[in-house]
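Written out below as structure tokens is the structure these notes cover.
A, B, ... follow the sequence lines: proteins, then strands. Residue 1 opens every chain. Predicted model, so just to flag it, every value in this text is computed and none were measured.
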Amino acid sequence: MSEPAFKSEFLKTMQARGYIHQVSHPEELDSAAASGIVTAYVGFDATAPSLHVGNLISIMMLRRLQQAGHKPVVLMGGGTTKVGDPSGKDESRKLLTEADIAANIASIRTVFEKFLTFGDGPTDAVMVNNDDWLSKLGYIEFLREYGPHFTVNRMLTFDSVKLRLEREQPLTFLEFNYMLMQAVDFLHLNRTRGVQLQMGGSDQWGNIINGVELVRRMDQKSAFALTTPLLTTSSGAKMGKSAAGAVWLNADMRSPYDYWQFWRNTEDADVGKFLRLFTDLPLDEVARLESLPGAEINEAKKVLANEATRMLHGAAEAEKAAAAAQAAFEQGGLSADLPTHEIAAAELETGVQLADLVVAAGLAGSKGEARRLAQGGGLRVNDAAETDANRTIATADLLDGVVKLGAGKKKIVLVKPV
RNA sequence: GGGGGAAUGUCCCGAGUGGCAAAGGGGGCGGACUGUAAAUCCGCUGCUGUAAUGGCUUCGUAGGUUCGAGUCCUACUUCCCCCA
């Protein structure tokens with residue numbers, strides 16, 4: 001790869017740590033970043049009350065930006081979320097209410113505060129909501145104002161559109177318009193806040209470029225695009241989907257312990273990449289860690305888990321997660337910091353069917369699944385394999401005040417009477 | 001406007017002859033091997049309930065034919081292709 005040698009700290013870091021997939025006008029952006037403050041934004045949907053690991057790379061880009069002395073803008077897609085994501089095929093897609101969206105945004109905001117410094121200073125992060133301007137646009141006004149700047153000929157050449165047409169898949173007019181709305185976002189932010197750069201995943205390239213061109217065409221101002229590579233694990237799986245579903249960033253949706261485990265279970269081949277992308281560790285330290293031979297690479301995974309968890313949940317939670325993991329996996333012992341499921345003491349005295357308990361503790365999605373788990377030899381009660389999911393768990397099964405349930409080798413839940 | 005095709009296990013792709021809880025993949029889960037890794041191999045993968053050959057709910061929607069329907073008929077919905 002004959003990558004250009006950047007001189008700005010920002011782009012040098014971005015390149016060295018593996019964030020860059022495509023950049024528009026690299027030299028121009030580089031000199032802008034080298035000579036002054038660049039304001040850049042990333043857009044996020046507000047479809048759920050939490051972002052997930054898949055969004056993390058974008059968040060980290062904003063963090064790098066701020067670390068390099070520039071200004072991050074977090075764009076919440078309150079307006080675009082209202083329209084709904086049209087890509088799903090199910091017709092029962094539920095449109096979120098305004099209240100839902102507002103609640104989601106409020107909930108998501110707390111996560112950004114862990115990664116960015118918000119405020120009124122020149123390089124402090126700010127959060128904006130595109131509902132503020134998009135919902136005010138009238139259709140005729142929208143067409144007259146922006147329509148002339150887009151040719152359908154050009155829009156048809158973007159991969160996102162082209163692929164759909166080639167595969168003879170339907171592309172609704174709504175989806176076709178999405179890139180225009182996003183372009184208007186960029187123009188608006190450029191005009192009101194001097195935003196010059198939009199970043200995002202590689203699948204956003206076409207959308208971002210439309211914004212870049214709109215700004216350049218209408219206002220003759222500089223605008224840039226930067227995308228990250230699509231993150232997959234080395235074995236090809238999409239990043240962020242794991243055993244328990246989406247890896248949420250909010251602590252109430254994914255505990256620090258589970259978050260730590262997510263990173264601890266990184267594939268060998270990905271450790272270096274993840275350390276560069278998702279921690280602040282210096283590159284030479286990363287290089288040392290990723291070159292650890294054989295099983296020693298596990299040390300690097302622990303560092304990754306510690307650093308990533310610390311950044312999101314704080315040092316105390318990271319330490320607790322690490323300690324719990326060590327007790328459970330390396331010493332086979334118990335730790336109060338393991339995931340816990342509380343059950344009424346009276347219920348336990350009467351006795352509970354193991355299958356029901358496993359489901360209640362979240363280790364299986366249904367009783368049938370719990371049974372299969374047991375029959376397959378994957379269910380453990382107090383560290384002893386248990387193939388009979390119909391047996392009763394009662395007070396007599398308490399060990400040190402808890403019942404330790406294990407599903408597979410990695411999932412442990414302590415059942416505690418209260 | 002006319003003609004032809006398609007919708008399958010609510011994660012995805014995809015077979016399906018009137019007896020079907022429905023082939024096969026992928027994914028996921030569990031086991032073995034390891035290092036809480038990858039690769040490989042084995043098992044499971046609708047819900048519920050068993051000692052079990054049990055019960056219940058599934059094939060776009062709504063009806064119908066039949067002892068019995070994913071499979072046949074009718075209408076409807078959505079999508080694709082061709083002609084105009």
Q | Ring centres under 6.0 angstrom apart (A:F112, A:F44) | A |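 Yes - the distance between ring centres of A:F112 and A:F44 falls below the 6.0 Å cut-off.
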Q. Taking the six-membered ring where the residue is Trp, are the ring centres of A:W263 and A:F278 under 6.0 Å apart?
A.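 Ring-ring flag for A:W263/A:F278: true, centres closer than 6.0 Å.
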Q | Donor/acceptor link under 3.5 angstrom from A:E369 side chain onto base of B:rU45 | A |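 Result: no qualifying N/O pair found.
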Q. Between the base of B:rG35 and the side chain of A:D268, is there a donor-acceptor distance below 3.5 Å?
A.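 Check passes, donor-acceptor contact within cut-off.
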Looking at [options], which one has an atom nearest to any side-chain atom of [X]?
| X | options | result |
| --- | --- | --- |
| A:S366 | B:rC47, B:rU36, B:rG49 | B:rC47 |
| A:K409 | B:rC29, B:rG35, B:rU34 | B:rU34 |
| A:R372 | B:rG35, B:rC44, B:rU36 | B:rC44 |

Q. Counting any heavy atom closer than 4.0 Å, what does A:A325 reach on the DNA or RNA strands: base, sugar-phosphate only, or nothing?
A.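 Base contact.
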Quote, to the nearest angstrom, the [atom1] distance that separates [N] from [M].
| N | M | atom1 | result |
| --- | --- | --- | --- |
| B:rA32 | B:rG25 | C1' | 23 Å |
| B:rA75 | B:rU65 | C1' | 15 Å |
| B:rA7 | B:rC42 | P | 32 Å |
| B:rG26 | B:rG14 | C1' | 10 Å |
| B:rG46 | B:rC12 | P | 15 Å |
| B:rC20 | B:rG24 | C1' | 16 Å |
| B:rC47 | B:rU10 | C1' | 14 Å |
| B:rG4 | B:rC73 | P | 13 Å |

Using whole Å, what does the distance between atom [atom2] of nucleotide [N] and atom [atom1] of [X] come to?
| X | N | atom1 | atom2 | answer |
| --- | --- | --- | --- | --- |
| A:W263 | B:rA37 | CH2 | P | 17 Å |
| A:L405 | B:rG30 | CG | C1' | 16 Å |
| A:Q326 | B:rG35 | CD | C1' | 15 Å |
| A:Y259 | B:rU36 | OH | P | 22 Å |
| A:Q375 | B:rU50 | CD | C1' | 10 Å |
| A:R371 | B:rC47 | CZ | C1' | 11 Å |
| A:R380 | B:rG31 | CZ | C1' | 12 Å |
| A:L363 | B:rG30 | CG | P | 10 Å |

Is there a side-chain polar atom (N or O) of [X] under 4.0 Å from OP1 or OP2 of [N]?
| X | N | result |
| --- | --- | --- |
| A:R264 | B:rA37 | no |
| A:K411 | B:rG30 | yes |
| A:N390 | B:rG49 | no |

Q.
Give me each pair satisfying side-chain hydrogen bond (donor to acceptor under 3.5 Å, both in side chains) with a member in residues 310-324 of chain A, each pair once, sequence neighbours excluded.
A.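 As it turns out, the side-chain hydrogen bond (donor to acceptor under 3.5 Å, both in side chains) pairs with a partner in residues 310-324 of chain A, which skip direct neighbours, are A:E307-A:R310.
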(Q) According to side-chain hydrogen bond (donor to acceptor under 3.5 Å, both in side chains), does anything in residues 137-153 of chain A pair up with another residue at least two apart or in another chain? List the pairs. (A)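 Counting only pairs at least two positions apart or across chains, no side-chain hydrogen bond (donor to acceptor under 3.5 Å, both in side chains) contact touches residues 137-153 of chain A.
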Could you pull out every donor-acceptor pair under 3.5 Å between side chains of residues 393-400 of chain A and any protein atom, sequence neighbours left out?
{"from": "A:D397", "atom 1": "OD1", "to": "A:R391", "atom 2": "NH2", "distance (Å)": "2.6"}
{"from": "A:D397", "atom 1": "OD2", "to": "A:R391", "atom 2": "NH2", "distance (Å)": "3.2"}
{"from": "A:D397", "atom 1": "OD2", "to": "A:A394", "atom 2": "N", "distance (Å)": "2.9"}

(Q) Contact list please: residues 297-304 of chain A against RNA chain B, heavy atoms, distance less than 4.0 Å, in numerical order. (A)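 Here the set is A:I297, A:N298, A:K301.
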Q | Non-hydrogen atoms of A:G200 and A:S58 that approach each other most closely | A |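 A:G200 and A:S58 have their closest heavy atoms at CA-OG, 4.5 Å.
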**Q.** Base orientation of B:rC59, syn vs anti, 90° cut from 0
**A.**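 Nucleotide B:rC59 adopts anti.
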Q.
Side chains of A:N306 and A:W260, heavy atoms from C-beta outward: is any pair under 4.5 Å?
A.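 Contact flag for A:N306/A:W260 side chains = yes.
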Pairing nucleotide - [N], Watson-Crick or G-U, each distance under 3.5 Å:
| N | answer |
| --- | --- |
| B:rA39 | none |
| B:rU17 | none |
| B:rG1 | B:rC83 |
| B:rU77 | B:rA7 |
| B:rU34 | none |
| B:rC44 | B:rG28 |

(Q) Closest-nucleotide mapping onto RNA chain B: is A:A295 or A:K367 further toward the 5' terminus? I mean the 5' end. (A)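 The residue mapped nearer the 5' terminus is A:A295.
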Q.
Pick the closest RNA chain B nucleotide for A:L379 and for A:D356 by heavy atoms, then say which residue is nearer the 5' end.
A.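 Nearer the 5' end of the strand: A:L379.
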(Q) Rounded at 0.5 Å granularity, tell me how far NE2 in A:H188 sits from CG in A:D185. (A)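 If I round to the nearest 0.5 Å, the distance is 8.5 Å.
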(Q) Taking salt bridge (charged side-chain N to carboxylate O under 4.0 Å, His left out) as the definition, give me every residue that meets it alongside A:D356, ordered by chain and number, with sequence neighbours left out. (A)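 Scan of A:D356 (salt bridge (charged side-chain N to carboxylate O under 4.0 Å, His left out), adjacent residues dropped) gives A:K367.
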**Q.** By ring-ring contact (aromatic ring centres under 6.0 Å, His included) - contacts of A:F115 (at least two apart)
**A.**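 Checked A:F115 against ring-ring contact (aromatic ring centres under 6.0 Å, His included); zero matches.
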